[in-house]
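Here's the structure, in structure tokens; my notes come after.
The figures here come from the full heavy-atom set of this structure, side chains too, leaving out hydrogens, waters and symmetry mates. Both counts, for ligands and for their atoms, begin at 1 and track the order of listing.
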Amino acid sequence: MDAMARASSHPKDSRLPYVFLNVATSADGKLAPANRNFVPFSSGRDQELLMTLRTEADAVMSGAGTVRGKIDLGTGGAKYQKLRIKKGLAEYNLRVVATGSGSLRPDAYIFQQTFSPVLVLTTSLVSKTYLRAIEKVAGGIHISKGSKINFTEALLWLSGTWNIRRLLCEGGGEINGALFDENLVDDIYLTVAPVIFGGRTAPTLADGEGVSRVADSIKLKLRRLRRIEGELFLKYSVIRK
Ligand SMILES: NC(=O)c1ccc[n+]([C@@H]2O[C@H](COP(=O)([O-])OP(=O)(O)OC[C@H]3O[C@@H](n4cnc5c(N)ncnc54)[C@H](OP(=O)(O)O)[C@@H]3O)[C@@H](O)[C@H]2O)c1
């Protein structure tokens, strides 16, 4: 049985945060073109959705592959900070990055933006030198044993130590796939933009191991579907047994 199927046959631990994904894909399901460069390709309305969803999260998380560029996972400005306070959340969201091998450099842009702590999820693969360097810029570090991040343990640390109840994951494909493998995703906000990227190496909504049999797939319930001009705005919930 595949990892996804194994995980989805168990209910989620109630101490874990509510996890929602926000993803924009091309009509052929890609997160970016084949060169994997970050390119905003969805509408202004979708960018607004991205910022609004951040106002509903204690923390926003991404994988190292996503935050290598000029990305800070921040609030998006005073208007959204006011909204956060109105919704009973802290003015600034916490930020979480996953870097299993330590490929995310301590001088990355996200660490230079100091409005809220950046929490780092990593593994025992990283060197002591790297850890010493990252300790200087990170608000906290969780180290999984072995070569893969154990997201269940890491998310229990995020909820237990950092009081994160609502965690928004903004991709990319590898981290999304890992969260599905461990049955950690509750809802998916998916925007489908009317473009085709193609490319067999382009990232998709959920990469990683995946399943071999349709029977082992993660099952979803469609909660909402809106078409605005050429774009589709969908909300799915993960069905658990
Ligand atoms: N359209 C959208 O909504 C959207 C959103 C986000 C990203 N993107 C695009 O997606 C692409 C990036 O996606 P990606 O899949 O390459 O990268 P990613 O998921 O952002 O990050 C992958 C990295 O995260 C770490 N990681 C994730 N899961 C792990 C696990 N289980 N154990 C250990 N480490 C883990 C690893 O870091 P180390 O390499 O350091 O070990 C891995 O290489 C970019 O092209 C970006 O522009 C698009």
Side-chain angles (χ1 to χ4, degrees), residues 3-4 7 19-43 46-51 53-54 60-73 95-106 108-111 118-127 130-131 133-134 138 141-155 168-185 188-197 199-210 231-234:
M4 279 191 187
V19 177
F20 54 129
L21 304 189
N22 183 31
V23 189
T25 69
S26 58
D28 56 333
K30 314 291 190 187
L31 297 184
N35 62 10
R36 304 177 87 86
N37 283 345
F38 174 74
V39 276
F41 59 89
S42 57
S43 65
D46 185 51
Q47 300 305 314
E48 180 65 26
L49 172 67
L50 177 124
M51 289 306 172
L53 287 175
R54 285 186 189 179
V60 180
M61 175 167 81
S62 272
T66 296
V67 292
R68 271 190 244 290
K70 208 175 167 191
I71 286 175
D72 67 14
L73 302 181
R95 295 161 301 154
V96 182
V97 291
T99 177
S101 66
S103 71
L104 185 63
R105 294 167 51 96
Y109 180 80
I110 191 163
F111 294 118
V118 180
L119 310 175
V120 175
L121 311 182
T122 189
T123 67
S124 46
L125 272 188
V126 298
S127 66
Y130 179 79
L131 268 185
I134 214 82
I141 304 173
H142 182 272
I143 306 172
S144 296
K145 289 197 190 90
S147 59
K148 288 269 169 210
I149 294 170
N150 180 326
F151 279 100
T152 306
E153 283 178 9
L155 266 56
L168 170 63
C169 180
E170 294 188 354
E174 282 296 327
I175 192 169
N176 289 348
L179 293 174
F180 283 120
D181 282 349
E182 294 188 47
N183 187 29
L184 293 167
V185 178
I188 306 162
Y189 290 82
L190 168 63
T191 302
V192 182
V195 291
I196 299 274
F197 288 145
R200 62 182 61 84
T201 58
T204 74
L205 190 156
D207 293 325
E209 285 179 35
E231 254 173 358
L232 296 180
F233 293 85
L234 302 104

Has the side chain of Thr122 got a donor or acceptor atom that lies under 3.5 Å from a matching backbone atom of Thr99?
yes

Looking only at distances, can you tell me whether any N or O atom of Gly173, backbone or side chain, sits closer than 3.5 Å to an N or O atom of ligand 1?
yes

Would Pro203 count as a contact of ligand 1 if the rule is a heavy atom under 4.0 Å away?
yes

Counting both backbone and side chain atoms, is some N or O of Thr66 under 3.5 Å from an N or O of ligand 1?
yes

Which of the listed options, Ser62, Ala64, Ser26, holds the heavy atom that is closest to atom 24 (O) of ligand 1?
Ala64

Decide whether an N or O pair under 3.5 Å exists between Asp207 and ligand 1.
no

Donor-acceptor contact present, side-chain Thr123 to main-chain Gly100, <3.5 Å:
yes

Is there at least one pair of N or O atoms, one from Leu31 and one from ligand 1, spaced under 3.5 Å apart?
yes

Using heavy-atom distances, let me know which of Gly177, Ser101, Gly65 sits nearest atom 41 (O) of ligand 1.
Ser101

What part of Ala178, side chain from CB on, backbone N/CA/C/O, both or neither, has a heavy atom under 4.0 Å from ligand 1?
side chain

Does Thr25 reach ligand 1 with a nitrogen or oxygen that is under 3.5 Å from one of the ligand's nitrogen or oxygen atoms?
no

Taking both backbone and side-chain atoms of Gly100, is any N or O found less than 3.5 Å from an N or O belonging to ligand 1?
yes

Are any side-chain N or O atoms of Tyr130 and backbone N or O atoms of Leu104, one a donor and one an acceptor, separated by less than 3.5 Å?
yes

Hey, is ligand 1 close enough to Ser103 that some N/O pair sits below 3.5 Å?
yes

Between ligand 1 and Lys148, is the shortest N or O to N or O distance under 3.5 Å?
no

Backbone or side-chain N or O of Ile175 under 3.5 Å from ligand 1 N or O
yes

Is the backbone N or O of Val97 less than 3.5 Å from a side-chain atom of Ser62, with the two atoms forming a donor-acceptor pair by type?
no

Nearest 0.5 Å, what's the CZ-CZ distance between Arg95 and Phe111?
9.0 Å

Could you walk me through whether Thr204 and Asp207 satisfy the side-chain hydrogen bond (donor to acceptor under 3.5 Å, both in side chains) test, starting with their C-alpha distance in whole Å, then the side-chain angles of each, then the deciding distance to 0.1 Å, before giving a yes or no?
CA-CA 6 Å; Thr204 74; Asp207 293 325; 2.5 Å; yes

Short N or O distance, Leu104 and ligand 1, threshold 3.5 Å exclusive
no

Taking atom 25 (C) of ligand 1 as the point of reference, which of Gly102, Gly69, Ala98 owns the nearest heavy atom?
Ala98

Backbone N/O of Ile196 and side chain of Asp28: donor-acceptor pair under 3.5 Å
no

CD of Glu153 to CD of Glu182: how many Å apart, nearest 0.5 Å?
8.5 Å

Quick one: nearest non-hydrogen protein atom to atom 1 (N) of ligand 1, plus distance?
Ala24 O, 2.8 Å

